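Bear in mind the structure is a predicted one, so any value in this text is a computation, not a measurement. Chain letters run A, B, ... following the sequence lines, proteins first and then strands; every chain starts at 1. Computed over heavy atoms, backbone and side chain alike; hydrogens, waters and symmetry mates excluded.
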There are 2 protein chains.
Amino acid sequence: MPLEIPDVVIDRLPVYARALAALERSGREVVSSQELGTQLGVTPAQIRKDLSYFGRFGKQGRGYNVRRLMEELHQILGLDRKWTMVVVGVGQLGRAVLSYGGFAPQGFRIIEAFDADPAVIGQKVDDLIVKPVEQIRESLAGRPVDIGIVATPAAAAQKVIDALVECGVRAILNYAPIAAHVPAHVRVKDIDPVLSLQSMTFYLKNGAPPAGTA
Amino acid sequence: MPLEIPDVVIDRLPVYARALAALERSGREVVSSQELGTQLGVTPAQIRKDLSYFGRFGKQGRGYNVRRLMEELHQILGLDRKWTMVVVGVGQLGRAVLSYGGFAPQGFRIIEAFDADPAVIGQKVDDLIVKPVEQIRESLAGRPVDIGIVATPAAAAQKVIDALVECGVRAILNYAPIAAHVPAHVRVKDIDPVLSLQSMTFYLKNGAPPAGTA
DNA sequence: GTATGTGAACCACTTCACAGCA
DNA sequence: TGCTGTGAAGTGGTTCACATAC
């Protein structure tokens, strides 16, 4: 069914879903692509086209039922179920990830944490006992882990990723500053604030960006 | 000079710069676009085309001088100088940002931290005394701040962003889960791990992604 | 021989514009 | 009348392929 849907489209769906959730909380029952678009900084046509890959969710002359569309998107994205994650690397960054309160409410649960440092192994962080990296394979053997979060130093990251992939992990959230090499069936999303900063400085340095009004 | 360079190109330059820095540390003097490409998962043509927006940095038959190209990129991106930042929101996330060791070595210094919570205001976090959000304007008046980091709850974020923009901030690193509204001359980069997870689950749910070999 | 730099061809996503329906 | 859904047109970025230079 999901044949030839551009990745960019998939990336936008969670944004729509989040906006719809907010609208629903505020008691709104119907939205137009127009209104959703201005709220999110996306053109209405874009929204309609994106949704059209998956079905017809709106009513002409009226717009979209907020709750209905939200639920459809949740279903499409698999947000109507729980996902399990493991964190590898329990330094400052890994700790922040482990204690971040934003994952659980969205159905993303961290069930295991690993580190290479003997001083860290055995520590209890956010209700999890940190295990040694060497135990990734045995620890996850036969256990269904959906997503791996990599928060190790750059030098260790690729090996960790290899191990996770071997264990059947098919999605990786990568905080390490490397370009991960993974087989084609594995998805990687990089979180790299330094890269974000380093591209913005280009525009800071060169005055106004080439984007509309000054 | 930088007329009509696609944003995607600018986004890739820091990635190249980082890879070159690593090559330089390892003593490498020359690279081809071919080699750099396989290392980064980018086509060689892409790299050459990207660089061609800015000049001719290579030698035919040989490749690129690692140090030279790295320095050129640093110069283009403005990484050859220091940038100042302020953090707004000193909750868990803000603290993690403040104590993150990855910014300073790249020339990004946080010079001020703000929060709305009276219990947090006045606290010393990573050598900075947290100031009240209401003081953003007076605190930054006449002071050159380049980048604002927003780590507040969603509900507070837009107002904070407005204040920062008023103070002349032209680049924002946004950790809040909202679509920021800013004037055209202001750049925003969003860091949102939940959105990243929520788009990957689509592929988890739907088997192998439409991307090459299985 | 080898790898760059680049116009031209290609491809993918976005936007347009309108038919269709409530 | 108002807004969706969508083929068609348009735009922007990527890849090709080769002339050029070392």
Side-chain angles (χ1 to χ4, degrees), chain A residues 2-13 15-16 19-20 23 28-70 72-73 76 179 199 202 209-212, chain B residues 2-13 15-16 19-20 23 28-70 72-73 76 179 199 202 209-212:
Chain A
L3 223 60
E4 293 332 316
I5 296 160
D7 283 11
V8 256
V9 171
I10 303 302
D11 286 342
R12 280 190 295 264
L13 298 187
V15 179
Y16 303 159
L20 289 164
L23 284 169
R28 205 53 182 313
E29 295 201 337
V30 174
V31 244
S32 63
S33 58
Q34 172 62 241
E35 186 180 358
L36 200 56
T38 42
Q39 193 168 123
L40 294 175
V42 171
T43 66
Q46 175 90 268
I47 293 176
R48 294 202 300 275
K49 177 64 101 180
D50 286 352
L51 297 176
S52 76
Y53 283 99
F54 302 94
R56 290 151 212 229
F57 307 119
K59 291 229 188 309
Q60 279 106 329
R62 241 171 103 56
Y64 301 88
N65 176 292
V66 170
R67 161 166 314 217
R68 157 97 193 292
L69 182 54
M70 187 189 73
E72 292 280 3
L73 289 176
I76 291 164
S199 58
F202 172 80
Chain B
L3 222 60
E4 294 332 314
I5 296 159
D7 283 11
V8 256
V9 171
I10 303 302
D11 287 343
R12 280 189 295 264
L13 297 187
V15 179
Y16 303 159
L20 289 164
L23 284 168
R28 205 54 182 313
E29 293 200 340
V30 174
V31 243
S32 64
S33 58
Q34 172 62 240
E35 186 180 357
L36 199 55
T38 42
Q39 194 168 122
L40 294 175
V42 171
T43 66
Q46 177 93 84
I47 293 176
R48 295 201 300 276
K49 177 64 102 180
D50 286 351
L51 297 177
S52 75
Y53 283 100
F54 302 95
R56 288 148 212 233
F57 307 117
K59 291 227 188 311
Q60 278 106 329
R62 239 171 106 55
Y64 300 88
N65 176 292
V66 171
R67 161 165 316 216
R68 157 95 194 293
L69 181 54
M70 188 189 72
E72 292 280 3
L73 289 177
I76 290 164
S199 58
F202 172 80

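- At a threshold of 4.5 Å between non-hydrogen side-chain atoms, the residues A:Leu13 and B:Phe202 do not count as touching.
- Nucleic acid contact class of A:Arg62 (heavy atoms, under 4.0 Å, all strands): sugar-phosphate only.
- Here the C1' atom of nucleotide C:dC18 and the CD atom of A:Gln60 are 12 Å apart, to the nearest Å.
- Comparing C:dA22, C:dT15, D:dG13 by their closest approach to the side chain of B:Val8 singles out D:dG13.
- With rounding to whole Å, B:Asp50 atom CG is found 16 Å from D:dC16 atom C1'.
- Nucleotide C:dA22 holds its C1' atom 19 Å from the CZ atom of A:Phe57, rounded to whole Å.
- Nearest nucleotide to the B:Ala45 side chain, out of D:dT14, D:dG2, D:dC16: D:dC16.
- The nearest whole Å value for the distance from the CG atom in B:Leu51 to the P atom in C:dA3 is 16 Å.
- The CD atom of A:Glu35 lies 4.0 Å from the CZ atom of A:Arg28; values are rounded to the nearest 0.5 Å.
- The OH atom of A:Tyr64 lies 9.0 Å from the CG atom of A:Leu36; values are rounded to the nearest 0.5 Å.
- Distance check, rounded to the nearest 0.5 Å: CD of B:Gln46 to OH of B:Tyr16 gives 5.0 Å.
- Two residues are said to be in side-chain contact when any heavy atoms from C-beta on lie closer than 4.5 Å; B:Leu69 and B:Leu51 meet this criterion.
- Atom CD1 of A:Ile47 and atom C1' of C:dT15 are 13 Å apart (whole Å).
- In this structure, CD on A:Gln39 lies 9.0 Å from CG on A:Leu20, to the nearest 0.5 angstrom.
- Within the structure, a side-chain polar atom (N or O) of B:Tyr64 is placed less than 4.0 Å from OP1 or OP2 of C:dG5.
- We find that NZ of A:Lys59 is positioned 9 Å from C1' of C:dA22, with the value rounded to whole Å.
- Closest contact between the side chain of A:Gln46 and the listed nucleotides D:dG13, D:dT4, C:dT14 involves C:dT14.
- Whole-Å rounding puts the A:Gln34 CD to C:dA17 P distance at 16 Å.
- Residue-level contact check: A:Arg56 touches the backbone only, with heavy atoms under 4.0 Å from sugar-phosphate atoms and none from bases.
- Considering only side-chain atoms of A:Lys49, the nucleotide from D:dT6, C:dT4, C:dA22 that sits closest is D:dT6.
- Axis orientation changes by 10° from one end of the helix from C:dG1-D:dC22 to C:dA22-D:dT1 to the other, with each end axis drawn from 5 pairs and the value rounded to 10°.
- Residue B:Asp7 contributes atom CG, which lies 11 Å from atom P of D:dT14 at whole-angstrom precision.
- When the side-chain nitrogen and oxygen atoms of B:Ser32 are compared with OP1 and OP2 of C:dA3, none of them lie within a distance under 4.0 Å.
- Considering only side-chain N and O atoms, B:Thr43 lies under 4.0 angstrom from the phosphate OP1 or OP2 of D:dT15.
- Proximity of A:Tyr53 to the phosphate of C:dC13: no side-chain N or O atom is located under 4.0 Å from OP1 or OP2.
- Between B:Phe54 and B:Ile5 the shortest side-chain heavy-atom distance falls below 4.5 Å.
- Under the 4.5 Å side-chain criterion, counting only non-hydrogen atoms from C-beta, B:Arg12 is not in contact with B:Leu40.
- Closest to the B:Arg48 side chain, of the nucleotides C:dA22, D:dG13, C:dG5, is C:dG5.
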